[in-house]
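Chain letters run A, B, ... following the sequence lines, proteins first, then strands; residues in each count from 1.
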There are 2 protein chains.
Amino acid sequence: MSVTWDGGAPVIVDQRLLPGEVVHRRLTDAAETIEAIRTLAVRGAPAIGIAGAYGLVAALDAAGLASSSGDTLRALVGDLADRIAAARPTAVNLAHDVGRVREAALAAADRGPAAVREAALTEALAIHAADRASCAAIAHHGRMALAGRRRILTHCNTGRLATGGDGTALAVVYALHAAGELDEVLACEARPLLQGGRLTAWELVMAGVPSRVIVDGAAGAAMAAGLVEAVIVGADRIAANGDTANKIGTYALAVLARHHGIPFWVAAPWSTVDPATPDGAAIVVEERDPAEVFGYRDVRWSPAGAGAWNPAFDVTPAELITGIVTDRGTLVAPYGPGIARHARGAEDA
Amino acid sequence: MSVTWDGGAPVIVDQRLLPGEVVHRRLTDAAETIEAIRTLAVRGAPAIGIAGAYGLVAALDAAGLASSSGDTLRALVGDLADRIAAARPTAVNLAHDVGRVREAALAAADRGPAAVREAALTEALAIHAADRASCAAIAHHGRMALAGRRRILTHCNTGRLATGGDGTALAVVYALHAAGELDEVLACEARPLLQGGRLTAWELVMAGVPSRVIVDGAAGAAMAAGLVEAVIVGADRIAANGDTANKIGTYALAVLARHHGIPFWVAAPWSTVDPATPDGAAIVVEERDPAEVFGYRDVRWSPAGAGAWNPAFDVTPAELITGIVTDRGTLVAPYGPGIARHARGAEDA
């Protein structure tokens, strides 16, 4: 739903405008892809990766691939891939998926521009198909992990708009609902960009899932009031020891869940795990424009002269995480050995 | 600044419009006072109490006091006072201050309508003067309580706009700043009505106090990043055991502060303490219009069909509170005996 390939370019739903307007945009070159990723027109770690992968294919077309060969071709692929991969530094999926398309393209470079283009597109389509399968696997494992928990709190948007399939954390919610195992989801609105209040609320209304939106500050009160039996969130990056970077506000939810004895789950595709990042301290959190805090879209409510601290993400330490649901199975503490085992390619149910 | 008496009626700054527009409104009868309190045109527990007290005087004038006497006069005073006091059920100051004006008016009823009006106004002016003195005392005690803590986090608005003086929690911040003992205040924006991002940010910019606004979800990350050495918040009602009702999001800040070993202070005038409320479980938290969660003012970003849970306040249990700064001195745990002693009229420095 979030990203499709129309035969010549990726097409996204501009998520900055949802739910008020449903506007589709074609990303026909590197600049348009980078702009869409940077401005959060496309968002959600897996969706960003897929958009970047398809976007590299379109960027190769736009750059006039046919007139290049050999080292020039290789340099072109490398340059475009580097630029797209840098559009959002915290998003490990983006670098990973763009890197896969780049490698496939480079491996075909000796066979000429047409082969490069075909190899790149084949790889991008495979990345998208794998993400759909990954969402389904996460939904399956997550439903088992949350068995018996009928009141779920989630954060930001991790659903059909954030991925190439049903989502990550929200795919688990969809699976619980489909099985008749869900009473209600509370969706934190996720200021400043309100992906929960806008996008998750929209997805859940569309899908007929019982849900209510809360302001982020109400999560603690909701737990104290008995409205939450489990928390499940997505991840932007998971370090080798299980420390997890995710949307600002996630860390506070983990601390609150621990205080109330409520399980706190992370759900993410394996591609979000970065064994090369030893722990949370090694994750660089991007700080975004303070203007995001001063208002929303065209409305500004803070005074002239005000300052803001606006980190896009925070890092939840592994010791606050009950378990990590991935498409390769569910990990529990200690995360280091499990992550290392999966990273070597072992798979368990 | 928040409420003044212009000789014939209370005048408020309409806080729903700040900081974009500075609009003053005269509250010339009971309906206008009730509407201003209910819609948060005037807000902050002490300011609400003062507005209600002045508003009762104006309401008596508007109701045609001069033509009444005896039991009719008494019934009129009682009815108007009841209606104004009920405008915001969680706000104990409102009931308390309106009750004081009512008692003063009733005590003068046998001397006729002019005496009733004079007694009511005298009492309302005394309530306002006492609040100014109360703010100054809180600032003094709070500055001592927070000595050495140079990075302060606060929530909502508890300053000059919320009181008849310099504020409660924010008065402590002003005092620290005036003494050169403050590096920075972080102001949580306080969704849904954004009293932090709008009003506290505005006050602090006006006063030249170094400050940054954060979204409510960033408070945990700010603590983890070392940006917070103490939290200080106001109170809407403090129960006999120290449990404190305050703006939604306060409880989460208290849990986060405890997790990080950061002191969590409440600052409030003694009038906020309600010895008749045994503990937090006895406090009825008002739920406000879900539409507040779906957007802000004229902007709506949540989809049609969405639901919301929108409690105005939450309750922080006494065991998470480092101390309570009042105009009668600073209380620490166990709060019950200290509150009972002060309630009997004892005062300490």
Side-chain angles (χ1 to χ4, degrees), chain A residues 18-20 155 186 188-192 194 197-198 201-202 204-206 210-222 224-225 227 247-256 258-259 285 290 293-311 313-315, chain B residues 18-20 155 186 188-192 194 197-198 201-202 204-206 210-222 224-225 227 247-256 258-259 285 290 293-311 313-315:
Chain A
L18 284 177
H155 191 49
L186 290 184
C188 289
E189 66 176 9
R191 274 279 293 154
L194 298 159
R198 290 189 298 122
W202 186 67
L204 294 173
V205 168
M206 292 293 121
S211 63
R212 283 185 289 179
V213 182
I214 61 172
V215 298
D216 301 318
L227 300 179
K247 183 62 54 198
I248 189 71
T250 301
Y251 168 63
L253 294 177
V255 171
L256 288 164
R258 169 63 53 91
H259 184 78
V285 175
V293 177
F294 299 144
Y296 178 71
R297 294 183 62 182
D298 298 336
V299 184
R300 180 179 167 118
W301 50 68
S302 290
W309 183 60
N310 187 27
F313 300 97
D314 55 31
V315 177
Chain B
L18 284 176
H155 191 48
L186 291 183
C188 290
E189 66 176 8
R191 274 279 294 156
L194 298 159
R198 291 189 297 124
W202 186 67
L204 294 173
V205 168
M206 292 293 120
S211 62
R212 282 185 288 178
V213 182
I214 61 172
V215 297
D216 301 318
L227 300 179
K247 183 62 53 198
I248 189 71
T250 301
Y251 168 63
L253 295 177
V255 171
L256 289 163
R258 169 62 54 89
H259 185 79
V285 175
V293 176
F294 299 145
Y296 178 70
R297 293 183 62 181
D298 297 337
V299 184
R300 181 179 166 120
W301 50 67
S302 289
W309 184 60
N310 186 27
F313 301 97
D314 55 31
V315 176

For B:Ile214, is it the side chain, the backbone, both or neither that has a heavy atom under 4.5 Å from a heavy atom of chain A?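 Contact with chain A involves both backbone and side-chain atoms of B:Ile214.
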In terms of heavy-atom proximity below 4.5 Å to chain A, should B:Val293 be classed as side chain, backbone, both, or neither?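 The answer is both parts of B:Val293.
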Does [X] reach the main-chain N or O of [Y] with its side chain, forming a donor-acceptor pair under 3.5 Å?
| X | Y | value |
| --- | --- | --- |
| A:Arg198 | A:Leu18 | yes |
| B:Asp314 | B:Gly249 | yes |
| B:Arg300 | B:Pro303 | yes |

Under 4.5 Å from a heavy atom of chain B, the part of [X] involved:
| X | result |
| --- | --- |
| A:Ile248 | both |
| A:Leu227 | side chain |
| A:Tyr296 | side chain |
| A:Ala304 | backbone |
| A:Ser302 | both |

Output the option from B:Leu194, B:Val315, B:Val299 having the highest count of non-hydrogen pairs under 4.5 Å with chain A.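 Ranked by heavy-atom pairs under 4.5 Å with chain A, first place is B:Leu194.
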Could you have a look at A:Pro290, A:Ala222, A:Pro210 and say which one has the most heavy-atom pairs with chain B under 4.5 angstrom?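 Among A:Pro290, A:Ala222, A:Pro210, the one with the most close pairs to chain B is A:Ala222.
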Do you know which of A:Ala254, A:Gly295, A:Gly197 has the most heavy-atom pairs under 4.5 Å to chain B?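 Between A:Ala254, A:Gly295, A:Gly197, the count favours A:Gly197.
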Which atom of [X] lies closest to which atom of [Y], heavy atoms considered:
| X | Y | answer |
| --- | --- | --- |
| B:Val285 | B:Pro311 | CG1-CB, 4.2 Å |
| B:Asn310 | B:Pro192 | OD1-CG, 3.7 Å |
| A:Lys247 | A:Thr250 | O-OG1, 2.7 Å |

Taking the side chain as C-beta and beyond, is there a heavy-atom pair between B:Asp216 and B:His155 under 4.5 Å?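 Yes, close enough: below the 4.5 Å cut-off.
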